[in-house]
Amino acid sequence: MRRSGSTRRVGRTFRTVAAVVACGAALAALAAVPAQAREPGRHAPHWELKDSGTPEVRFRGLSAVSRNTAWVAGTAGTVLRTTDGGASWRNVSPPGAAELQFRDIEAFDARRAVVLAIGEGEASRIYRTHDGGATWTESFRNTDPRAFYDCLTFFDHRHGLAMSDPVDGRFRILSTGDGGRTWKVLPGDGMPAAQEGEAGFAASGQCLVASGPKDVWLATGGAARARVLHSTDRGLTWTAADSPIPAGDPARGVFGLAFRDRTHGLAVGGDYRADQASPQAAARTGDGGGTWRSAATPVPAYRSGVAWLPHSRSAALAVGPTGTDLTTDGGRTWRTVDIGSYDTVDCTPDLGCWAAGEKGRVARLEG
């Protein structure tokens with residue numbers, strides 16, 4: 001018998017509530033993991049590695065669509081896609097892209113995705129697919145040798161932005177209104193002047209993030225102060241706020257951002273050099289990025305990726321080469337729950353959390 005619309009809605013609501021309850025139990029178990037965190041096991045919530053078959057690739061681009069579907073992008077022009085929860089991966093890399101370094105990917109579903117390659121001049125490119133990676137169209141190639149594109153983000157399936165390190169003293173913003181088919185450079189008069197040496201970090205695809213239909217944030221480092229820039233009009237005008245995450249060196253600053261709504265956000269970063277400490281490498285905001293406060297107990301080392309847990313107002317994960325940290329109080333305190341190496345993390349409404357990084361590592365949170 002065909003179910004009525006109200007019956008289907010009740011069914012969906014019941015499944016969502018059950019999923020949230022399960023997620024809460026998983027978070028409680030994660031928080032109980034001993035401080036001397038171990039590699040993932042089978043008897044508690046943990047990152048379960050999914051064999052990507054690409055140990056030579058480092059995946060800094062990740063877009064999770066659901067618990068079953070995810071896309072990753074990385075070195076050697078590599079793009080992979082799974083639709084069965086990571087049990088198998090299909091290499092859907094754009095042809096002729098082996099020399100490119102993909103650092104960000106934004107997927108709308110199992111068939112449509114936009115991927116960004118970084119680099120100076122023409123190395124910065126954007127590709128788009130509408131058929132699951134069977135074919136790709138190059139929709140943007142940078143022709144300005146001064147530009148270096150780092151990250152991209154989408155507000156919805158049509159409107160998105162990409163950002164470049166400063167050109168003529170200001171960060172450069174690309175805009176699309178047709179799902180990445182075409183791009184145009186936005187006027188720079190609404191962008192604050194960049195500091196000397198200021199740039200973005202193409203470390204996790206999270207130096208440019210959006211929340212809602214018009215709000216977007218841009219993370220910076222490398223200069224005297226690590227800043228977060230905020231636009232409420234899809235990149236036309238911006239305001240800048242200092243973050244407490246240390247900068248003052250080309251290797252230091254804010255590397256990743258996550259906003260669960262247009263008000264509450266998290267920032268992580270530090271110093272990406274393995275032999276350097278990263279104090280105060282996490283911060284939070286409750287006013288849309290107007291002001292930032294250091295975490296009382298910050299992440300213990302450099303972190304490049306951060307994501308809010310779905311259906312939670314206070315829980316989030318941060319990842320980096322030396323581990324994964326969990327907060328259950330909105331970024332006030334963080335605790336290491338895993339020591340595996342990951343560069344980026346992303347979560348979906350159906351409680352699918354994925355992470356990716358070096359040596360072809362891709363994992364999904366299980367337990």
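All values derive from a computational prediction rather than experimental measurement. Any value given below was found using the heavy atoms of this structure, including those in side chains, with hydrogens, waters and symmetry copies removed. When a residue number appears, it is its place in the shown sequence, counting from 1.
- Of all heavy-atom pairs spanning Trp183 and Ala162, the tightest one is CZ3-N, 4.0 Å.
- Ion pair Asp131/Arg112 not flagged as a salt bridge, since none of the NZ, NE, NH1 or NH2 atoms sits closer than 4.0 Å to an Asp/Glu carboxylate oxygen.
- Taking CD from Gln206 and CG from Leu62, the interatomic distance works out to 8.0 Å, rounded to the nearest 0.5 Å.
- Residues Cys347 and Pro310 share a closest heavy-atom pair of CB-CD, 3.7 Å.
- Between Asp156 and Pro213, every side-chain heavy-atom pair lies at or beyond the 4.5 Å cut-off.
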| Given Val72 and Ile105, is the side chain to side chain contact (heavy atoms under 4.5 Å, CB included) satisfied, shown in steps? | CA-CA 7 Å; Val72 290; Ile105 187 166; over 6 Å; no
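- Residues Val216 and Phe155 have side chains in contact (heavy-atom distance under 4.5 Å, counting atoms from C-beta outward).
- Inspection of the Thr348 and Asp350 side chains reveals an N or O donor paired with an N or O acceptor under 3.5 Å.
- Atom CZ of Phe148 sits about 6.0 Å away from atom OG of Ser124, to the nearest 0.5 Å.
- Annotation for Arg170: atom CZ counts as buried by contact number, over 12 foreign heavy atoms lying within 6.0 Å.
- A donor-acceptor pair is defined here as one N or O able to donate and one able to accept, closer than 3.5 Å; such a pair exists between the side chain of Arg128 and the backbone of Gly179.
- Ion pairing of Glu138 with Arg141 is present here, as a side-chain N (NZ or NE/NH1/NH2) and a carboxylate O approach within less than 4.0 Å.
- To the nearest 0.5 Å, atom CE of residue Met163 and atom SG of residue Cys151 are 6.0 Å apart.
- Residues Phe140 and Tyr127 keep their aromatic ring centres 6.0 Å or farther apart.
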| Stepwise, does the side chain to side chain contact (heavy atoms under 4.5 Å, CB included) test hold for Thr324 with Trp47? | CA-CA 9 Å; Thr324 297; Trp47 288 122; 3.0 Å; yes
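- In terms of modelled atom types and a separation under 3.5 Å, the side chain of Ser231 and the main chain of Thr237 share a donor-acceptor contact.
- Between the side chains of Ser63 and Glu106, no donor N or O sits under 3.5 Å from an acceptor N or O.
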| task | Decide yes or no on salt bridge (charged side-chain N to carboxylate O under 4.0 Å, His left out) for Asp144 and Arg172, but give the supporting numbers first. | result | CA-CA 11 Å; Asp144 190 332; Arg172 175 170 288 181; 3.0 Å; yes
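- The residues Asp242 and Arg225 are annotated as salt-bridged, a charged nitrogen and a carboxylate oxygen being separated by less than 4.0 angstrom.
- Here Arg303 pairs with Asp325 in a salt bridge; the nearest charged N to carboxylate O distance falls below 4.0 Å.
- Formation of a donor-acceptor pair under 3.5 Å by the Thr54 side chain with backbone atoms of Glu56 is not found in this model.
- Phe259 and Trp308 have their aromatic ring centers separated by at least 6.0 angstrom.
- Under a 4.0 Å N-O distance rule, the pair Lys50/Glu366 qualifies as a salt bridge.
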| message | Go through it in stages, so that I can follow the logic: the residues are Phe171 and Trp238, the test is ring-ring contact (aromatic ring centres under 6.0 Å, His included), and I'd like the CA-CA distance, side-chain angles, deciding distance and then a yes or no. | response | CA-CA 10 Å; Phe171 285 93; Trp238 298 77; 8.7 Å; no
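- In this structure, Thr82 contributes its side chain and Trp89 its backbone to no donor-acceptor pair below 3.5 Å.
- In terms of modelled atom types and a separation under 3.5 Å, the side chain of Thr285 and the main chain of Asp287 share a donor-acceptor contact.
- The closest side-chain heavy-atom distance from Thr129 to Trp71 is below 4.5 Å.
- Remark: side-chain polar atoms of Thr220 are paired, donor with acceptor, to backbone N or O of Arg227 under 3.5 angstrom.
- The backbone N or O of Asn68 lies less than 3.5 Å from a partner atom in the side chain of Ser66, making a donor-acceptor pair.
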| task | List the steps, then state whether side chain to side chain donor-acceptor pair (under 3.5 Å) holds for Thr75 with Gln101. | result | CA-CA 5 Å; Thr75 53; Gln101 305 295 312; 4.9 Å; no
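- Nearest heavy-atom pair, Val79 versus Pro94, reported as atom, atom and distance to 0.1 Å: CG2-CD, 3.9 Å.
- Under the 3.5 Å distance criterion, the side-chain polar atoms of Thr328 are left unmatched by any main-chain donor or acceptor of Ala315.
- Under the 30°/60° scheme for interplanar angles, the aromatic rings of Trp217 and His230 are found to lie parallel.
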| query | Which is it for Thr239 and Leu229 under the side chain to side chain contact (heavy atoms under 4.5 Å, CB included) test, yes or no, and what are the steps along the way? | reply | CA-CA 6 Å; Thr239 57; Leu229 281 59; over 6 Å; no
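- Considering all non-hydrogen atoms of both residues, Trp136 and Ser93 come closest at NE1-C, 3.9 Å.
- Taking the ring axis of Tyr272 as reference, the NZ or CZ atom of Arg252 does not stay both within 45° of it and closer than 6.0 Å to the ring centre.
- Distance alone, capped at 3.5 Å, is enough to place a donor-acceptor pair between the Thr153 side chain and the Ala210 backbone.
- Under 4.0 Å is where a charged nitrogen must lie from a carboxylate oxygen, and between Arg273 and Asp271 at least one such pair does.
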| request: Give the intermediate values and the outcome of side chain to side chain donor-acceptor pair (under 3.5 Å) for residues Asp215 and Ser211. | output: CA-CA 6 Å; Asp215 285 270; Ser211 180; over 6 Å; no
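- In Glu99, the CD atom is not crowded: 12 or fewer heavy atoms of neighbouring residues, nucleotides or ligands sit closer than 6.0 Å.
- Atom CZ in Phe59 sits 15.5 Å away from atom OG in Ser204 (nearest 0.5 Å).
- In this structure, Leu218 and Leu208 approach most closely via the heavy-atom pair CB-CD1, 4.0 Å.
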| task | Go through the steps for Arg103 and Asp150 under the test salt bridge (charged side-chain N to carboxylate O under 4.0 Å, His left out), then give the verdict. | result | CA-CA 7 Å; Arg103 293 294 181 93; Asp150 299 292; over 6 Å; no
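- Geometrically, Arg60 does not engage Phe102 in a cation-pi contact defined by less than 6.0 Å to the ring centre and at most 45° from the axis.
- Ion pairing between a basic and an acidic side chain is recognised when a charged N comes within 4.0 Å of a carboxylate O; Glu48 and Arg364 show no such pairing.
- Between Leu351 and His311, some side-chain heavy-atom pair lies under the 4.5 Å cut-off.
- Distance check, rounded to the nearest 0.5 Å: CD1 of Ile118 to OH of Tyr149 gives 14.0 Å.
- Counting all heavy atoms, side chain and backbone alike, Gly331 lies closest to Leu266 at CA-CD2, 3.8 Å.
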| task | Go through Phe154 and His159 one step at a time and tell me if the side chain to side chain contact (heavy atoms under 4.5 Å, CB included) criterion holds. | result | CA-CA 6 Å; Phe154 276 83; His159 300 92; 5.9 Å; no
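- Distance CG/Leu161 to CG/Leu186: 6.5 Å, rounded to 0.5 Å.
- Looking only at distances, no side-chain donor or acceptor of Ser314 sits under 3.5 Å from a matching main-chain atom of Asp329.
- Glu358 is listed as a side-chain neighbour of Ser341, based on a closest heavy-atom distance under 4.5 Å.
- One finds a salt bridge joining Arg58 and Asp343 here, because a Lys/Arg side-chain nitrogen approaches an Asp/Glu carboxylate oxygen to under 4.0 Å.
- In this structure the side chain of Val299 reaches within 4.5 angstrom of the side chain of Trp334, judged on heavy atoms.
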